[in-house]
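In what follows, chains are A, B, ... by sequence order, proteins preceding strands, each numbered from 1. The analysis underlying the following values was restricted to heavy atoms, covering all of them including side chains, and did not include hydrogens, waters or symmetry mates.
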Amino acid sequence: MIRALRLALPLACAAGPVLAHGTLPRGGGFYGGLLHPVWAVEHLVALVALGLLLGREGMRAPLLVLAAAAALGLAVPAAVPLAPTLPVIAGAALAGAALALPFTLPGVAAAALAALLGLAVGADSEAPTPLAVAGLGTGIALVTLNAMALAGPLARPATGIALRVAGSWIAAFAMLLTALAVTAGRP
Amino acid sequence: MPIPSRALALAALSGLLALPAMAHTGGDGGGLASGFLHPVSGPDHVVAMVAVGLWGVFLGAPALWLLPVVFPVAMALAGALGVAGIPLPGVETGIALSGVVLGLAVLFRARPPLWVALVLTGLFAVFHGHAHGTELPGSVNPGAYALGFVVATGLLHLAGIGFGLLARWPQGRVAVQAMGGLIALAGGAFLTGLA
């Protein structure tokens, strides 16, 4: 039963937090930064997918890559040549697909994915004050680490199915977001 | 038939846990709630999704988890066509037909080769996805709508797998097969315009 709950949590986590709860604090405060990765649904899904993936593979080093890349993306948005939302969505699709497929991801690929997502999430975020930067970093870390912690215990054949299914949901969602972004002409 | 029962129980439970989260949004006219409700409120979608889960149980591993993995992806690809406004003929017919075929597969406990089951399920996913995708761009919050319908579809699969767990007992197997028959009948009614 404990295992059942462990399995349920990442799914509930992937499904739940996107819900609109009305106006959230935006702008330069700590909470504005903290909530950005949750408020922007593509950021949330991308970071959850990366966290689940790293948790399943038991990889920790890519977290440092994610943090460094997010800081770089935030400081130098021009480091991401495209409009940054599309790379976030692409990262979510890749991480979701990697979760869904029955292959073990090489460490280099995981690090590259973390770098892509970090850069894109950083460049697509706004944190005009040091407090907001602290909040944003905390938010990115919370989302990713929670997903990682939930995925770790599931990384075994029977329960790993849930992670694969969650990965396919995330990949499907990201594909639809891509179609929306492209057709709306606002990638 | 070896069923990873623990995994199935976990999956069913996770569906239960994930559902109540939707109660938080009101009628937002095109966001997460309406996306979630689109597959759930259309009986033609509901019966086909549940049938995917039921059939997966009879097919056993690896189809059990491959079907719910392949379906959302194929659905999203077709959904992208719908978003782009690329027409697909016979969408409603395809959706109704999916209920008939998948329902019959459950009724007769069909065990085709894995690739046949995957291709068939993926093909039907295309029709369902296109129907959802066509409604996406008009939504107030298309991203949330997309998430809602992907999650709702997945949870319907899980509901089917959960009900399919009954097939571990002889009487339960009859109940599951009967459910397949009912689904096929419902699909037939949609197909012929009776419902």
Side-chain angles (χ1 to χ4, degrees), chain A residues 1-22 40-45 85 89 92-93 96-97 99-102 150 153-154 156-184, chain B residues 4-26 28 31-33 61-62 64-66 68-77 79-85 129 132-133 136-137 141-151 153-155 157-158:
Chain A
M1 187 50 70
I2 300 278
R3 249 186 231 165
L5 290 173
R6 279 182 186 158
L7 179 87
L9 281 170
L11 289 179
C13 175
V18 236
L19 299 170
H21 284 97
V41 61
E42 57 276 354
H43 289 216
L44 176 73
V45 171
T85 304
I89 298 169
L99 256 182
L101 294 170
L150 289 165
L154 296 175
R156 57 189 76 182
T159 49
I161 293 169
L163 290 176
R164 287 182 181 169
V165 172
S168 79
W169 293 9
I170 290 168
F173 174 54
M175 277 192 273
L176 286 163
L177 283 183
T178 307
L180 282 168
V182 171
T183 54
Chain B
S5 59
R6 198 174 273 164
L8 287 175
L10 301 184
L13 185 71
S14 65
L16 292 177
L17 281 190
L19 274 167
M22 297 302 140
H24 290 191
T25 38
D28 54 354
L32 189 83
L64 179 64
W65 65 266
L66 276 176
V69 165
V70 165
F71 196 101
V73 176
M75 182 177 79
L77 283 174
L81 293 181
V83 168
H132 297 316
L136 260 177
N141 187 345
Y145 182 100
L147 186 63
F149 92 69
V150 169
V151 170
T153 300
L155 292 179
H157 293 156
L158 292 182

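Annotation: maximal heavy-atom pairing with chain B below 4.5 Å, among A/Ser168, A/Ala172, A/Gly96, occurs at A/Ser168.
For the residue pair B/Ala80 and A/Leu176, the shortest heavy atom distance occurs at N-CD2, 3.8 Å.
Here the options are B/Val69, B/Leu147, B/Leu155, the test is side chain to side chain contact (heavy atoms under 4.5 Å, CB included), and the partner is A/Trp169; only B/Leu155 passes.
Atom CZ in B/Phe149 sits 10.0 Å away from atom CZ in A/Phe173 (nearest 0.5 Å).
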